[in-house]
**Student:** 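This is the structure I have questions about; it appears just below.
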Amino acid sequence: MTIQQLTSKDNPLLKDIRLVSSGMRRAPKELVIAEGLRVLEEVEQSPFTIEAVVFSDDFGSAPREKNLLDRFQSKLSRLYCVSSVLFQTISTVQTPQGILALVRVPALSISSAPKSRNPLLICACGLQDPGNLGTLIRTAAAADANMFCTTKGTVSARNPKTIRSSAGSFFRIPILEQVDIREFQQYCIGHSIRLFRTDAQEGVIYTEADLKSPCAVLLGNEGSGFAEQPISELPAIRIPIAKGAESLNVATAGAVILFEARRQHGWTEDL
């Protein structure tokens, strides 16, 4: 496919990219911005529809960059080249790597959530930092979790910073956003999935909890924990930490518990 040159910052495609990046309500809900070389490599291998790939005129000289562009061309993706100055106007980072994509990612509903034989689910409840959420998504994908969920009040997994922080893992794992916690509980009960909440002070030590059977782990806001009553009534698991330390970063705590759950499920490197 021919690479098209764009020269105006008012080009409709570039305006759409800025609109999606802004997260405004009038932005198309199914579109997300993927930016950066590593993230775009994940996009290229994903099943999602790539609406457009935009790269700067100084991108593509390195072998890894050229290889990525060649793969997009072989898939007949729509490719657009802009000047490095114009690319700055659509980039969401201070020091761009020179490539981004507009990707269509349909939203999942609880009724369309994928099923698995021995599921391991992670649910972020009330997290506000997109970097922490993205790191959790990346960890969940690395631990081969079956689904990642967020409750209402959590920063969007579609936030460009979240996607970058996930290193493209956003495109690897099914993500169910803004779920009602009672509906999520009913889903887990209906599929015989045990629910656990994490707690800094109380509960069973995570290595002693039964995480080998189907389970869902809920991680709360670092400062306020779980605000909703249904969550506070769930059985708690905790990570022992040194005396005087307040708590672990939520992404770190999630990594510790996820990989313990995966160990109990049975770990093989060819997952």
Side-chain angles (χ1 to χ4, degrees), residues 38 119-159 161-170 172-179 181 184-185 188 193-267 271:
R38 180 72 191 96
L120 169 59
L121 314 182
I122 189 83
C123 186
C125 307
L127 272 63
Q128 295 300 306
D129 183 80
N132 275 338
L133 186 66
T135 302
L136 266 176
I137 292 171
R138 182 179 185 179
T139 302
D144 199 41
N146 303 94
M147 184 167 64
F148 191 100
C149 303
T150 69
T151 62
K152 296 175 181 178
T154 299
V155 66
S156 176
R158 294 167 178 261
N159 182 301
K161 184 176 179 180
T162 303
I163 294 174
R164 290 198 310 275
S165 298
S166 80
S169 293
F170 172 88
R172 276 185 175 264
I173 183 172
I175 297 178
L176 178 60
E177 288 199 90
Q178 301 293 297
V179 299
I181 190 60
F184 182 68
Q185 283 183 290
C188 290
I193 299 171
R194 295 188 65 190
L195 287 103
F196 296 94
R197 65 180 173 89
T198 55
D199 194 284
Q201 306 296 331
E202 62 180 33
V204 176
I205 294 175
Y206 75 104
T207 53
E208 298 174 1
D210 177 15
L211 304 176
K212 66 180 178 293
S213 54
C215 65
V217 179
L218 283 68
L219 292 153
N221 181 284
E222 290 173 342
S224 58
F226 298 104
E228 296 195 50
Q229 184 71 16
I231 300 177
S232 62
E233 294 173 351
L234 295 173
I237 54 177
R238 63 185 175 89
I239 301 170
I241 58 177
K243 186 176 181 180
E246 183 180 353
S247 65
L248 289 174
N249 171 276
V250 65
T252 302
V256 170
I257 291 171
L258 271 165
F259 279 94
E260 170 60 18
R262 177 48 60 197
R263 183 192 68 80
Q264 290 189 26
H265 271 64
W267 179 264
L271 284 170

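The first residue of the sequence shown is numbered 1, and numbering continues consecutively from there. Just so you know, these numbers use all the heavy atoms, side chains as well, and skip hydrogens, waters and symmetry mates.
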**Student:** Restricting to non-hydrogen atoms, name the atom on Leu127 and the atom on Leu219 that form the minimum distance, rounded to 0.1 Å.
**Tutor:** CD1-O, 3.6 Å
**Student:** Spell out, as yes or no, whether a donor-acceptor pair under 3.5 Å connects the side chain of Glu177 to the backbone of Ala157.
**Tutor:**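 Yes: the side chain of Glu177 pairs with the backbone of Ala157.
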**Student:** Where the side chain of Thr154 meets the backbone of Ala124, is there a donor-acceptor pair that is under 3.5 Å apart?
**Tutor:**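 Yes.
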**Student:** Quick one: OG1 on Thr150 to CD1 on Ile175, what's the gap to the nearest 0.5 Å?
**Tutor:**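 Spacing of OG1 (Thr150) from CD1 (Ile175) equals 8.5 Å.
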**Student:** Using modelled atom types only, decide if a donor and an acceptor are shared between the side chain of Arg262 and the backbone of Asp144 within a distance under 3.5 Å.
**Tutor:**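 Looks like yes, one N/O pair under 3.5 Å.
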**Student:** Measure the shortest side-chain to side-chain distance between Arg238 and Ile205 over non-hydrogen atoms and say whether it is less than 4.5 angstrom.
**Tutor:** yes
**Student:** For Arg138 and Ala167, indicate whether the former's side chain and the latter's backbone hold a donor-acceptor pair under 3.5 Å.
**Tutor:**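 Not at all, since once roles are kept as given, no pair shorter than 3.5 Å links the two residues.
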**Student:** Taking all non-hydrogen atoms of both residues into account, name the closest pair between Gly131 and Ser165 and its distance.
**Tutor:**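 The answer is CA-OG, 3.4 Å.
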**Student:** Show the nearest heavy-atom pair for residues Glu202 and Asp199, with the distance to one decimal.
**Tutor:**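 Answer, listing the atom of Glu202 first, then Asp199: N-OD1, 3.0 Å.
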**Student:** With distance as the sole test, does Gln264 use its side chain to make a donor-acceptor pair with the main-chain N or O of Ser213 at under 3.5 Å?
**Tutor:** no
**Student:** Can you name the nearest heavy-atom pair linking Glu260 to Leu211, along with the distance?
**Tutor:** CG-CD1, 4.1 Å
**Student:** Does a side-chain heavy-atom distance below 4.5 Å link Ile193 with Phe184?
**Tutor:** no
**Student:** For residues Asn159 and Lys161, report the shortest heavy-atom separation together with the two atoms involved.
**Tutor:**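 For Asn159 and Lys161, the tightest heavy-atom pair comes out as OD1-N, 2.8 Å.
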**Student:** CZ/Phe170 to CD1/Ile137 distance, rounded to the nearest 0.5 angstrom?
**Tutor:**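 Answer rounded to 0.5 Å: 7.0 Å.
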**Student:** Determine whether Ser166 and Arg172 make a side-chain contact, defined as any pair of heavy atoms from C-beta on separated by less than 4.5 Å.
**Tutor:** no
**Student:** Can you name the nearest heavy-atom pair linking Thr151 to Gln178, along with the distance?
**Tutor:**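 Result for this residue pair: O-NE2, 3.6 Å.
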**Student:** Rounded to the nearest 0.5 Å, what separates atom NE2 in His265 from atom CG in Leu258?
**Tutor:** 10.5 Å
**Student:** With rounding to the nearest 0.5 angstrom, report the CD to CD1 distance, Glu208 to Ile237.
**Tutor:**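 With rounding to 0.5 Å, CD (Glu208) is 11.5 Å from CD1 (Ile237).
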**Student:** Once rounded to the nearest 0.5 Å, what's the spacing between atom CG of Leu248 and atom CD1 of Ile257?
**Tutor:** 9.0 Å
**Student:** If we check side-chain contact (heavy atoms from CB on, under 4.5 Å) with Leu218, which of these qualifies: Ile122, Ile181, Leu121?
**Tutor:**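 Only one of Ile122, Ile181, Leu121 forms a side-chain contact (heavy atoms from CB on, under 4.5 Å) with Leu218, namely Ile181.
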